[in-house]
Amino acid sequence: MGVSVMHRNIFGAASTMLLRGLYIVLMHIALTFACPRGCLCTEKNGVMAVHCTSRNLDKIPSDLPEDTVSLLLDSNRITRIPNQAFKDLYRLQELDLSKNAIEVIEAGAFHGVAEGLRLLDLSSNHIRSVPKEAFSKLKAKIRLSNNPWHCECTLQEVLRELKLDPETVNEISCHTSVQEEHTGKPVIQVLDSGINFCNFHHKTTDVAMFITMFGWFAMVISYVVYYVRHNQEDARRHLEYLKSLPSTQITKDFDTISTVL
């Protein structure tokens with residue numbers, strides 16, 4: 001009886017180990033099929049991490065696992081982040097897009113994941129500007145260093161709403177600027193000095209509108225002056241012609257010519 005029980009215990013333990021091994025194999029197969037080509041997907045303690053570092057990618061993969069928590073896309077050749085690029089990744093918390101060639105971030109690029117993100121790394125790209133809507137509802141710590149930023153009103157409004165990484169915030173510099181004297185300086189340093197790019201923008205817009213209105217006004221005045229002078233010349237020529245006629249014909253048309261003049 002004891003031997004039988006021992007055999008059952010051994011058989012049960014072996015079955016459990018076999019099932020665990022089969023589960024691990026099945027999970028590995030599932031991850032392999034769900035993982036984007038060229039990337040490495042790993043799961044630990046229920047956390048799915050997708051590693052696509054240095055895979056020579058030129059765009060964001062469209063077949064990312066929906067339960068991805070950490071997504072590493074750094075050191076590739078990605079040039080743009082389109083609208084809803086991560087819309088199905090409801091659990092995404094870490095997104096690394098550093099060291100790419102990103103120039104364009106569309107307004108809805110982070111739609112669906114912005115509130116859940118905890119870290120967003122966009123450092124070392126080719127980003128000059130971003131639409132204000134792109135980072136709306138973003139609560140993540142964000143890295144924007146080593147990009148050729150153009151310092152103007154929109155960038156100032158964007159940065160005001162973001163939680164910038166304190167370790168890299170001083171590396172966000174004005175590569176170009178609407179005010180040339182700030183070129184090459186850290187953006188935070190410029191803004192902390194009291195500079196308001198939005199005021200400069202409004203002044204520039206007002207001047208442009210004034211110049212445009214003045215130009216239109218000058219064109220209207222010029223046309224009116226030309227029209228009056230042209231009619232006066234025609235009237236004078238007609239009057240001279242009438243003067244060359246017999247006096248009876250001049251009398252008939254004199255009143256009409258006088259009204260024109």
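Smallest separation of non-hydrogen atoms from I60 and A85: CD1-CB, 4.0 Å. Taking every heavy atom of both residues into account, E152 and V178 meet most closely at CB-CG1, 3.6 Å. The minimum heavy-atom distance linking E106 with A134 is given by the pair O-CB, 3.8 Å. Closest approach of R91 to D67, counting heavy atoms only: NH1-CB, 3.9 Å.
When the side chains of ILVMFWY residues are joined at heavy-atom separations under 4.5 Å, either directly or via intervening members, L64 and V69 end up in two distinct hydrophobic clusters. One hydrophobic cluster holds both F135 and V169 under the rule that ILVMFWY side chains link at heavy-atom gaps under 4.5 Å. When the side chains of ILVMFWY residues are joined at heavy-atom separations under 4.5 Å, either directly or via intervening members, M48 and L40 end up in two distinct hydrophobic clusters. V104 and V130 fall into different hydrophobic clusters, where Ile, Leu, Val, Met, Phe, Trp and Tyr side chains are chained together by heavy-atom contacts under 4.5 Å.
At a threshold of 4.5 Å between non-hydrogen side-chain atoms, the residues H111 and N83 do not count as touching. Under the 4.5 Å side-chain criterion, counting only non-hydrogen atoms from C-beta, E157 is in contact with C198. At a threshold of 4.5 Å between non-hydrogen side-chain atoms, the residues S177 and F197 count as touching. By the 4.5 Å heavy-atom criterion applied to side chains, D96 and L73 are not counted as neighbours. Side chains of Q179 and I195 form a contact here, defined as non-hydrogen atoms less than 4.5 Å apart. You'll find the side chain of C41 reaches within 4.5 Å of the side chain of P36, heavy atoms only. Side-chain contact between R55 and N76 is present, with at least one heavy-atom pair separated by less than 4.5 Å. In this structure, the side chains of L138 and L162 come closer than 4.5 Å at one or more pairs of heavy atoms.
Remark: the backbone N or O of S124 is not paired with any side-chain donor or acceptor of N146 at under 3.5 angstrom. Side chain of N147 to backbone of N125: a donor-acceptor contact under 3.5 angstrom is found. Looking only at distances, no side-chain donor or acceptor of W149 sits under 3.5 Å from a matching main-chain atom of L155. Side-chain N or O atoms of N199 include none that pairs as donor or acceptor with a backbone N or O of N196 at under 3.5 Å. No donor-acceptor distance shorter than 3.5 angstrom exists from the side chain of D192 to the backbone of V190, with no hydrogens or angles considered.
In this structure, OG1 on T168 lies 7.5 Å from CG on L144, to the nearest 0.5 angstrom. Taking CG from L95 and CD1 from I81, the interatomic distance works out to 7.0 Å, rounded to the nearest 0.5 Å. With rounding to the nearest 0.5 Å, the separation of OG1 in T42 from NE2 in H51 is 4.0 Å. One distance of note links CD of E161 with NZ of K137; it measures 14.0 Å at 0.5 Å rounding. Atom CG of residue D165 and atom CD1 of residue I142 lie 10.0 Å apart, to the nearest 0.5 angstrom. For the atom pair CD of E103 and CD1 of I105, the computed distance is 11.0 Å after rounding to the nearest 0.5 Å.
Looking only at atom types and distance, the side chain of T176 has a donor-acceptor partner in the side chain of H150 under 3.5 Å away. Side-chain contact, N100 with R77: no donor N or O sits under 3.5 Å from an acceptor N or O. If you check the side chains of S98 and D74, you find no donor sitting under 3.5 Å from an acceptor.
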Problem - Full working for side chain to side chain contact (heavy atoms under 4.5 Å, CB included) between R160 and L191 - result: CA-CA 10 Å; R160 185 183 295 128; L191 298 181; over 6 Å; no
Practice task
Go through the steps to decide whether F86 and T68 satisfy the test side chain to side chain contact (heavy atoms under 4.5 Å, CB included), and finish with yes or no.
Solution key: CA-CA 10 Å; F86 313 98; T68 301; over 6 Å; no
Problem - Full working for side chain to side chain contact (heavy atoms under 4.5 Å, CB included) between R80 and I102 - result: CA-CA 5 Å; R80 66 186 299 114; I102 298 171; 5.8 Å; no
Problem - Stepwise salt bridge (Lys or Arg N to Asp or Glu O under 4.0 Å) check, K139 with E115 - result: CA-CA 6 Å; K139 300 176 182 178; E115 294 185 3; 5.2 Å; no
Practice task
Go through L72 and C52 one step at a time and tell me if the side chain to side chain contact (heavy atoms under 4.5 Å, CB included) criterion holds.
Solution key: CA-CA 6 Å; L72 308 181; C52 301; over 6 Å; no
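More than 12 heavy-atom neighbours from other residues, nucleotides or ligands sit within 6.0 angstrom of CD on E181.
Between E94 and R118, no side-chain nitrogen of the basic residue sits less than 4.0 Å from a carboxylate oxygen of the acidic one, so the salt-bridge criterion is not met.
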